[in-house]
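Naming: A, B, ... by sequence-line order, numbering from 1 per chain. Just so it is clear, the structure is predicted and the values come from calculations on it, not from any experiment.
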Amino acid sequence: MAQALISIEHVSKAYQRDSMSIPVLEDIDLKIDTGEFVALMGPSGSGKTTLLNLIAGIDTPTQGRISIEGRAVSSMRETELARWRADHIGFIFQLYNLIPVLTAFENVELPLLLTRLSKKERQSHVKMALEIVGLADRADHYPRQLSGGQEQRVAIARAIVADPVILVADEPTGDLDAKSAGEILDLLNRLNTEHHKTIVMVTHDPRAAARAHRMLHLDKGVLSSQEPAAVDRSRDGRA
Amino acid sequence: MKYFRFIWKNVFRKKSRAFLTMASIVLVLVLIVVLSSLLEALDYDTGRTKGAANIVVQHATGLGNFMPLAYRQKIEQIPGVVAVAPQIWFGGIYIDEKPQNFFGQLSTDPEVWATVHDDYTIPPDQLKTWQSERDSFVAGKQLVDRFHWTMGQRIQVRGTYIPGTLDLALRGVYTGPDESNIFFHNKYLENSFLGRLEQTGIFYLRTEAPEKVPVVCDAINKMFENSDAPVKAMPEKQFMLQFTEMMGDVKLLFRSIALIVLFTVVLIVANTMAMSARERVTQIAVIRALGFRRSQVLMLVLSEAVLLALLGGVAGVLGSVPFMWGLIGIIKHTPVAMFAYNLKISWATLLTAFTAAVGIGVLAGFVPAIRSSRISIVDGLRRVA
């Protein structure tokens, strides 16, 4: 049996507030294969973002083990983890989180500054990423000069520019109108099908979740159900 | 270098705040350059070589007491002494008591004046004319320019602690390290109103070589130690330092002001950097999520502070040059004009100012940089940008 790309075993997470321990995730077991598009759903406070953060390596579990590509991410030291994130994870945030003083091009280039690529190579990678998201003509624009949908596409270009294996998206359409949200979901589908990115997406929106291969429901920190998405797959070219 | 654009853009994220902070650094550095240059100018004569063979002899109890003029012949007999000039500080008033009309008036022996003041230059014919006319004087070029005196012009200087008024004709203009004095004949004082001169304020003498100075000083001090008027002989440099030592408190004040101002600007820049870092908690969390290490975040924020301080430093150092020119121009017309000749911006001062700028950046940026590097990614991302 092939090894899962993301393997989560008996993971629990609790936050410490003064002397109180607040459990957020309890005994999560989950496997995500390469090329999967998984939607994490659940009410507010159910632990979706916490689980996403654990997968992305920006938080560490209180108990249990998280392995990605067979490597135990949960036991990596901070410096090692930072390097690992730069190589393996692309982040897409609800509020885009672009750096306002940088142009679209410079924002997308940011993760490449951590690599040994030459300036020319960086330029070529950035250009390609912006072309994939359809914003090659907006490279010199600052975030304030872009619409919400365009900002999110720049953020997606930033997420894919270093060619990571996994994209983690936290409510990527949560701040967008329906039309822009649809475009972003189309783009995510394309990245999944054409560029073979494994995507883990947190969402409240059932229509967004319907684009995924699999929907996971979290409730009070417990993974309550895992079900294949059954609706609205017509636009991802897999129907 | 690949991070430079990122650092540069973050420095000017809030342009008016960055420029105001830089302006405060510029002002402080101009102040530091001016104060350092003033302190260097107060340490008079440090760079002179010709004056190194000169000695000043004064009454052991201080300049307020005179010494017998008869000491001159005895001092002249000491091996190594080339020439001895008795000098009296006249301390009179020219035109009025306004500071801009103040200058030094010293009576001397014109026959040995050029020998003892070997670092002054005067045309030989002018020296000869002055030596031959008792009611004449020579003046430093700066002084002549300041008062627009012409050759042969007569000036009147009213005495204060020495009674009488000098009425002298300009016969020579000298150039040298201190052009803020006039020199006239001892004989003029004697003939005009002091009667026969039996005493003098100081003996200004030249030795054969700088190496002779300590031996000659010892010999002079020993020669008169048991007399009614014991003396204190010292190298010229030490004599001049007496005056600056009187200004010891002023130096301390200058240094204190510089330190306080420096500390204040560190707080201002630190506050700017702290505000800037606080406003960017989410941004810092994002770049950390993208893979930037804590040490990289620390260096980025610290570099912003250093860059800001360096830009202010460059502007401050460049701005201090014309400022000093203006200041020198003003000082040349004041009673402390002699300092104007020593007042210049040295490379050491510029280097000090530049180092101070880097220091401001590092000190001010260190705490915000440490704090930024310790931001939790999860907490930072939770904040609404």
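Smallest separation of non-hydrogen atoms from A/Arg85 and B/Ala289: NE-O, 3.1 Å. In plain terms, the two heavy atoms of A/Ala86 and B/Gly291 that are nearest each other are CB-CA, 4.0 Å.
Within the 4.5 Å cutoff, the side chain of A/Arg158 has heavy atoms near those of the B/Val286 side chain. Contact annotation: the side chain of B/Arg13 never approaches that of A/Pro100 to less than 4.5 Å [non-hydrogen atoms, C-beta and beyond].
For the atom pair A/Ile58 CD1 and B/Leu381 CG, the distance stands at 5.0 Å (nearest 0.5 Å). Interatomic distance, B/Lys2 NZ to A/Leu114 CG, rounded to the nearest 0.5 Å: 7.0 Å. If you take CZ on B/Phe6 and CG on A/Asn107, they are separated by 8.5 Å, rounding to the nearest 0.5 Å. The NZ atom of B/Lys9 sits 5.0 Å away from atom OG1 of A/Thr103, with the distance rounded to the nearest 0.5 Å. Rounded to the nearest 0.5 angstrom, B/Asn10 CG and A/Leu102 CG are separated by 7.0 Å.
The environment of CZ in B/Arg374 is sparse: at most 12 heavy-atom neighbours from other residues, nucleotides or ligands sit within 6.0 Å. Counting non-hydrogen atoms of other residues, nucleotides and ligands closer than 6.0 Å to CD of B/Glu279 gives a total above 12. Other residues, nucleotides and ligands place no more than 12 heavy atoms under 6.0 Å from the CE atom of A/Met128. In the displayed structure, B/Phe12 atom CZ is contacted under 6.0 Å by more than 12 heavy atoms of other residues, nucleotides or ligands. Heavy atoms from other residues, nucleotides or ligands lying under 6.0 Å from CZ of B/Phe323 number 12 at most. In this structure, B/Arg371 places its CZ atom where only 12 or fewer heavy-atom neighbours from other residues, nucleotides or ligands lie under 6.0 Å away.
Between chain B and the residues A/Leu110, A/Asp59, A/Ile89, the largest count of heavy-atom pairs under 4.5 Å involves A/Leu110. Between chain B and the options A/Gln94, A/Arg122, A/Arg83, A/Glu106, heavy-atom pairs under 4.5 Å are most frequent for A/Glu106. Among the candidates A/Thr50, A/Asn53, A/Ile99, the residue making the largest number of heavy-atom pairs closer than 4.5 Å to chain B is A/Ile99.
Interface remark: A/Ser118 contributes no atoms to any contact with chain B (heavy atom separation under 4.5 Å). Of the two parts of B/Phe292, the backbone and the side chain both hold a non-hydrogen atom closer than 4.5 Å to a non-hydrogen atom of chain A. Proximity to chain A (any heavy atom under 4.5 Å) is restricted, for B/Ile377, to the side chain, taken from C-beta onward.
Comment: B/Arg288 engages A/Glu78 in a salt bridge, judged by a side-chain N to carboxylate O separation of less than 4.0 angstrom.
By the 6.0 Å and 45° rule, B/Arg382 stacks over the aromatic ring of A/Tyr15.
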